[in-house]
Amino acid sequence: MTPSLRVQVALPGPFWQPLSYLLPDDVANQATVDLQAWSQGWLGWRVAVPFRNQTKIAVVVGVNQDDGVDASKLKPLLHKLDDEPLFNAQDLAFLHWAASYYHEPLGEVVMAALPKRLRVGKPLSLPGVVTWQRSVLGQTVSVDQLSARAHKQRALWQAFCDDQAWSSSQLNAAFSQWQPLVKRWVEQGWLVVSEGACLAQKTLPASVRHSLNEEQAAAVAQVQASKGFRCFLLDGVTGSGKTEVYLALIEQVLAQGKQVLVLVPEIGLTPQTAARFEAYLQQPVVALHSGLNDQERHCAWQVMRRGEAQVMLGTRSALFTPFANLGLCILDEEHDLSFKQQDGFRYYARDLLIRRAQMLQIPVVLGSATPSMESLHNAQSGRFGYLRLSQRAANAQPPQLRLLDVRGDRLQEGLSNKALHQMREALAAGGQVLVFLNRRGFAPVLLCHSCGWQGSCSHCDANLTYHQASDSLKCHHCGFQQPKPKACPACGATQFVALGQGTERLEQFLTQQFPTHSILRIDRDTTRLKGSLAEKVGQARDGAADILIGTQMLAKGHHFPKLTLVVMLDLDQGLFSVDFRGAERMAQLLVQVAGRAGRASQPGRVLIQTHQPEHPTYQQLLREGYAGFAADTLRDRQLANLPPFGFQLLVRVEAVDSNQAVAFLEAIKDLLLAVPVSQPCEVWGPVTAPMAKRQNRWRYQLLLQAETRGSLQAWWQAVAADVYAHPLANRIRWSIDVDPQETS
DNA sequence: AAGAGTTAGACG
DNA sequence: GTCTAACTCTTC
């Protein structure tokens, strides 16, 4: 008797090996002797399977492997969902590798690579994008027939009068509250609804060409000269034109008929970025980011898989998209933390992208003005190609950094008189000023004036931040919010003191100080609505505001031509961070914010208000810039065997009962210490996480460190089975963070 | 993850 | 003894 044919499927859930299913009876009987060909009909296909008493959507990741499960225990799968596989063998190999490197169930990884619509079983083919257009009747209606006072209505109708079809996302980008009007006009017969192709026909912006300077051309030539896989670090100061290098490279790869994937940080993807790419390349660029709805994501995914578009510009999750014919990967702002997924499947998009390029044997380019120590080390050791752009475009001067020693000075709302004076001068000279403060809200602490009670979050080990706009207390870690108490919960007194500065308070103070100047605050609170960040950044760029107040969301990518002075407040805290990467992060932030200034004709100045003017980190940064700082930092890291000279794995635990959390980690530690290891491996902890309690759970962690990725993986692999079998493993929340970025 | 199965505790 | 809430276990 022949053994029954079976397939292995990945489905979401904590399944450490794929589940096996038998084939449906009618299919099994047809199975030919050609197993190779037969497996092609299953591998990577989407199937519906019975699971418990429900039906689940899964992806076939293995064929006829003997997993030792008795055939009598298996159920037959129900059916295929599509006429073709969604993933090819290369895609699957990559997903397998990601799952094993990050110790994530394969099903979760496969689902991360699928748009939601496909995860829940929607058909692969897209219904097309709904658009609205003027009807024959509508063409007889001119704007003048609408009420003269209905400005919004007139503007919207004018848009349709150009006889262009508008999709909901296009309307969303240009208008607010258009739905009721469009609905009414459809009912009146002025507009007709139609369904177009999934990739809406965009009109391309006018062609913009540029020439490369010597450095840029050399960088492009080096990448082009590489064969197969090679990773390059493009280390270019702000304003040195990294994008021009990307575009030249992309153009070459497109000419070979291959596709390109460009990854950017979460908030770095603006319509302007995509438009700039389209203007140069003269072909549609497919964007993939959190602002899209399910159907748009599905469309983007499908268009790349089908090879109907050549360029994708996306945030970290775009790296899982199956491409028809990928020829080049680019990752911009390489140092940016948003490439690390911090919850659920904790992957690092930078590292996965490199691995993917390696598996496909294609080049990958990482760009940054402030590269991570990991990438710099790889570049210096020759693992990566090292490309440098040291000149700013159009002879723009680099910003000059100055420390503003405020020791002993009287500070008003955190600002020194010297800083205010400099701001006045810069404004008087017609410049724009940015005040950088990386803390939103009004004040980080609210204190009772009579008893000292302070608002702290009942779910977390953190203070509540006072927000004046909503007159409430908010926890910035779990989202908890309560109205500001009328009276102190402890003593009943009604007077409170707001301690410390946030951007809200700074805005209030600067409004008093500069009554004749316009002020624009850009932080998460003022940009909550969709599209409002782009809108505010646009205002800032056009010079609509004299004074900008911003948190770190303003540090990324944007440039403000009229900006001549940047004042940075409260950077000092980065000097004393518990995390060994604290100084690196601070230096990156400083250099990135400084890079916002003086990109046009006027040189920019950056003032760093500090109580630690002699601190070596500042001194090093001022004297030798980021490169000098990086050299020092790498030396320190090497002495301490810290990344990039060592590799880390963090076991994180969250439990309502802190004893269980510690007991579980102690058990893991005992297991680890019992493993005979050939190379130096260390384990630290358990210790409490940076925030000991969050959302009512106590958080502890255990840090593993080893000299190589391989020995670290082997060490964990040796105990993994025992850890998963531990009685506490199923009773508390825990996760593994490979290459953690926040370890303190 | 999440539903079914299992056990322990509350009640009278 | 029953009823219910918490806890465990399994999933092809």
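In what follows, every chain begins at residue 1, and chains take the letters A, B, ... in the order their sequences are listed. These figures come from a predicted structure and were not determined experimentally.
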**Report entry** Sequence-distant partners of A/R440, salt bridge (Lys or Arg N to Asp or Glu O under 4.0 Å), two or more places apart
**Finding:** A/D525
**Report entry** Separation of C/dT11 P from A/N53 CG (nearest whole Å)
**Finding:** 14 Å
Report task. Figure out the CG/P separation between A/L23 and C/dC12, and round it to whole Å. Result -> 16 Å
Requested in this report: Looking at every strand, decide which applies to A/P50 at a 4.0 Å heavy-atom threshold: base, sugar-phosphate, or nothing.
Outcome: sugar-phosphate
Query raised in the report: Is the shortest side-chain N/O distance from A/K73 to OP1 or OP2 of C/dC12 below 4.0 Å?
Result: no
Report task. Using a heavy-atom cut-off of under 4.0 Å over every strand shown, decide if A/F51 touches base, sugar-phosphate, or nothing. Result -> base
Requested in this report: For A/W16 and C/dT11, give me the distance from atom CH2 to atom P, rounded to whole Å.
Outcome: 18 Å
Requested in this report: Determine whether the aromatic ring centres of A/F51 and A/Y21 lie less than 6.0 Å apart.
Outcome: no
Report task. Specify the separation, in whole Å, of atom CD of A/Q17 and atom C1' of C/dT11. Result -> 12 Å
Query raised in the report: Could you give the CG-to-P distance, from A/N64 to C/dC12, as a whole number of Å?
Result: 19 Å
**Report entry** Contacts of type salt bridge (Lys or Arg N to Asp or Glu O under 4.0 Å), residue A/K75, not counting sequence neighbours
**Finding:** none
Report summary line: Span of DNA chain B engaged by chain A, first through last nucleotide within the 4.0 Å heavy-atom cut-off, is B/dA1 to B/dA4
**Report entry** Whole-Å distance separating the CZ atom of A/F15 from the P atom of C/dC12
**Finding:** 8 Å
Query raised in the report: Taking only N and O in the side chain of A/R731, is any of them less than 4.0 Å away from OP1 or OP2 of C/dC7?
Result: no
**Report entry** For the student: nearest non-hydrogen atoms of A/P322 and A/A113, plus distance
**Finding:** CD-O, 4.5 Å
Query - salt bridge (Lys or Arg N to Asp or Glu O under 4.0 Å) partners of A/R524, counting only residues at least two apart - result: none
Query raised in the report: Rounded to the Å, how far apart are A/D70 CG and C/dT11 C1'?
Result: 16 Å
**Report entry** ring-ring contact (aromatic ring centres under 6.0 Å, His included) against A/Y724, all qualifying residues, sequence neighbours excluded
**Finding:** A/W16, A/W734
Query - For atom CG of A/L11 and atom C1' of C/dC12, their distance in whole Å - result: 9 Å
Query raised in the report: Listed by chain and number, what are the salt bridge (Lys or Arg N to Asp or Glu O under 4.0 Å) partners of A/R697, not counting sequence neighbours?
Result: none
